[in-house]
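Heads up: numbering here begins at 1 and tracks the sequence.
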Amino acid sequence: VQLQASGGGLVQAGGSLRLSCAASGRSFSSYRVGWFRQAPGKEREFVAAIIWSGGSTFHANSVVGRFTISRDNAKNTVYLQMNSLKPEDTAVYYCAAARGGNVYYTRSYDYWGQGTLVTVSS
């Protein structure tokens, strides 16, 4: 599975962005797809995940109520809608796909996209 993340950019605090993660080479249908982020000097952290089959979603406490993960079956794409952005949301955002395992852990993921930079100005 090859993953292509897009949609990052520069936005003011309080603004919104929508990230996309498109898969090629294979359908997402048997995978769990997650978004992680990594700020400079910090470890990569879990943001949100969706289990394609059934559509269960998971969100980090820090983004609950602001970010929403969703999927488009026809486009084989996962989205991360980010609202009410804060400067502390600034990071490179990565999408990843896992065959199984705990969606919160980076080690569960088998495939990673290249990352897209989100910068939130105050």
- Task: Spell out, yes or no, whether F67 and Y79 are grouped together once hydrophobic residues are joined by side-chain heavy atoms under 4.5 Å, including indirect joins.
- Result: no

Output a table of donor-acceptor pairs, distance under 3.5 Å, between side-chain atoms of residues 115-122 and any protein atom two or more places apart or on a different chain; print 'none' if there are none.
| from | atom 1 | to | atom 2 | distance (Å) |
| --- | --- | --- | --- | --- |
| T116 | OG1 | G8 | N | 3.0 |

- Message: Which residues pass the side chain to side chain contact (heavy atoms under 4.5 Å, CB included) test with Q114, not counting sequence neighbours?
- Response: Q4, A5

Only distances under 3.5 Å count here; give the side-chain donor-acceptor pairs of residues 33-51 to other protein atoms, sequence neighbours excluded, each with its distance to 0.1 Å.
| from | atom 1 | to | atom 2 | distance (Å) |
| --- | --- | --- | --- | --- |
| R37 | NE | E45 | OE2 | 2.6 |
| R37 | NH1 | D89 | OD1 | 2.9 |
| R37 | NH1 | Y93 | OH | 2.9 |
| R37 | NH2 | E45 | OE2 | 3.1 |
| Q38 | OE1 | R44 | NE | 3.3 |
| Q38 | OE1 | R44 | NH2 | 3.3 |
| Q38 | NE2 | K42 | O | 3.1 |

- Message: Check for me, please, whether Y104 and W52 land in the same ILVMFWY cluster - side-chain distances under 4.5 Å, paths through other members count.
- Response: no

- Item | Reported OG1-to-CZ distance for the pair T77 and F28, which is rounded to 0.5 angstrom | 7.0 Å

- Item | Spatial distance of atom OG1 (T68) from atom NE2 (H59) [nearest 0.5 Å] | 5.0 Å

- Is there a path of hydrophobic side-chain contacts, each under 4.5 Å between heavy atoms of I, L, V, M, F, W or Y residues, that connects V78 with V103? no

- Item | Interatomic spacing from OH in Y94 to CG in L3 - rounded to 0.5 Å | 13.0 Å

For a quick test of your reading: what N or O donor-acceptor pairs under 3.5 Å do the side chains of residues 10-24 make, sequence neighbours left out?
| from | atom 1 | to | atom 2 | distance (Å) |
| --- | --- | --- | --- | --- |
| S16 | OG | N83 | OD1 | 2.9 |

- Query: Is the count of non-hydrogen atoms from other residues, nucleotides or ligands lying under 6.0 Å from Q2 atom CD greater than 12?
  - Reply: no

- Could you identify which residues cluster with V64, counting Ile, Leu, Val, Met, Phe, Trp and Tyr as linked when any side-chain heavy atoms lie under 4.5 Å apart, either directly or through a chain of such contacts? none

- Residues in salt bridge (charged side-chain N to carboxylate O under 4.0 Å, His left out) contact with D110, at least two apart in sequence or another chain: R99

- Just how far is it from atom CD1 of I69 to atom CZ of F58, taken to the nearest 0.5 Å? 10.0 Å

- Taking atom OH of Y105 as the centre, does the number of heavy atoms from other residues, nucleotides or ligands within less than 6.0 Å exceed 12? no

